[in-house]
Amino acid sequence: MALTSCIPLAADGSRPAHGTTHGELRLGRARRRRGLVLLGAGLALLPWLGYLAGTLPPAEAAAWVTLDALEAAALLTAGSRLLRGTGRHRAPAAAAAALLLTDACADLATSAGGPELAVAVAMAVCAELPLAVLCAVVAARPPRSTRSRPRPSATPSSRHGQNSL
């Protein structure tokens, strides 16, 4: 009997990657894609921090650089944890979502009219809010290990009619 005949086939007759089912493989791809997006966004913020520090007045630079540095740290942490599959990505993803929403609101509230407001709206609509939604979705999903584990229907003592007291 060949070893390959022991590997279960999917409904379409194809074989999954070693040690995974098709559902796990699909979940792995989605998790990897989300992790890469979060990691990329966090890395993209790093040069932006230097730009803000060099172009804004010192008092403003301190506030904006701090906010964006916290965003970058949360995004990098959530993205790297998603890529490693540790399951500890939820808290930094939730923090990143809150920070991104705060950033978008603060940008809109403090921008002057005209082109500055247009840039703030564009940044909110095209970058900060979609990324905040992704972070919220990532934070809301339970770790994969808790979703795939079946729940026991009864405790061992109650299955056999024994009193646990």
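Treat the numbers as computed from the prediction; the structure is a model and nothing was measured. The chain is numbered in sequence order, starting from 1.
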Which atom pairs, donor and acceptor, lie under 3.5 Å between side-chain atoms of residues 39-68 and protein residues at least two apart or in another chain?
| residue | atom | partner | partner atom | Å |
| --- | --- | --- | --- | --- |
| Trp48 | NE1 | Asp68 | OD2 | 3.0 |
| Thr55 | OG1 | Tyr51 | O | 2.8 |
| Thr66 | OG1 | Ala62 | O | 2.6 |

Give the intermediate values and the outcome of side chain to side chain contact (heavy atoms under 4.5 Å, CB included) for residues Arg141 and Arg31.
CA-CA 11 Å; Arg141 288 181 174 254; Arg31 176 182 294 264; over 6 Å; no
Are Val133 and Leu131 connected, step by step, through hydrophobic side chains (Ile, Leu, Val, Met, Phe, Trp, Tyr) whose heavy atoms are closer than 4.5 Å?
no
Quick one: side chains of residues 103-126, donor-acceptor pairs under 3.5 Å with protein atoms, not counting sequence neighbours, listed by atom name and distance.
| residue | atom | partner | partner atom | Å |
| --- | --- | --- | --- | --- |
| Thr110 | OG1 | Ala106 | O | 2.7 |
| Ser111 | OG | Asp107 | O | 3.4 |
| Ser111 | OG | Leu108 | O | 3.4 |
| Glu116 | OE2 | Ala112 | N | 3.2 |

Using a 4.5 Å cut-off between side-chain heavy atoms of Ile, Leu, Val, Met, Phe, Trp and Tyr, which other residues end up in the same hydrophobic cluster as Leu101?
Leu129
Reported CG-to-CG distance for the pair Leu83 and Leu38, which is rounded to 0.5 angstrom:
8.5 Å
Min side-chain heavy-atom separation Arg90-Val138 under 4.5 Å
no
Write down the atom of Glu71, the atom of Leu100, and the distance for their closest heavy-atom approach.
OE1-CD2, 3.5 Å
Mind checking what makes side-chain contact (heavy atoms from CB on, under 4.5 Å) contact with Ala139, not counting sequence neighbours?
Ala93, Ala94
Solution key, residues 73-81 side-chain donor-acceptor pairs under 3.5 Å, sequence neighbours excluded:
| residue | atom | partner | partner atom | Å |
| --- | --- | --- | --- | --- |
| Thr77 | OG1 | Ala73 | O | 2.7 |
| Ser80 | OG | Leu76 | O | 2.9 |
| Ser80 | OG | Thr77 | O | 3.1 |
| Ser80 | OG | Arg84 | NH2 | 3.4 |
| Arg81 | NH1 | Arg88 | O | 2.8 |

Heavy-atom closest pair (Arg34 atom, Leu134 atom, distance to 0.1 Å) is CG-CD1, 3.8 Å
Sequence neighbours excluded - ring-ring contact (aromatic ring centres under 6.0 Å, His included) pairs with any residue from residues 103-135:
none
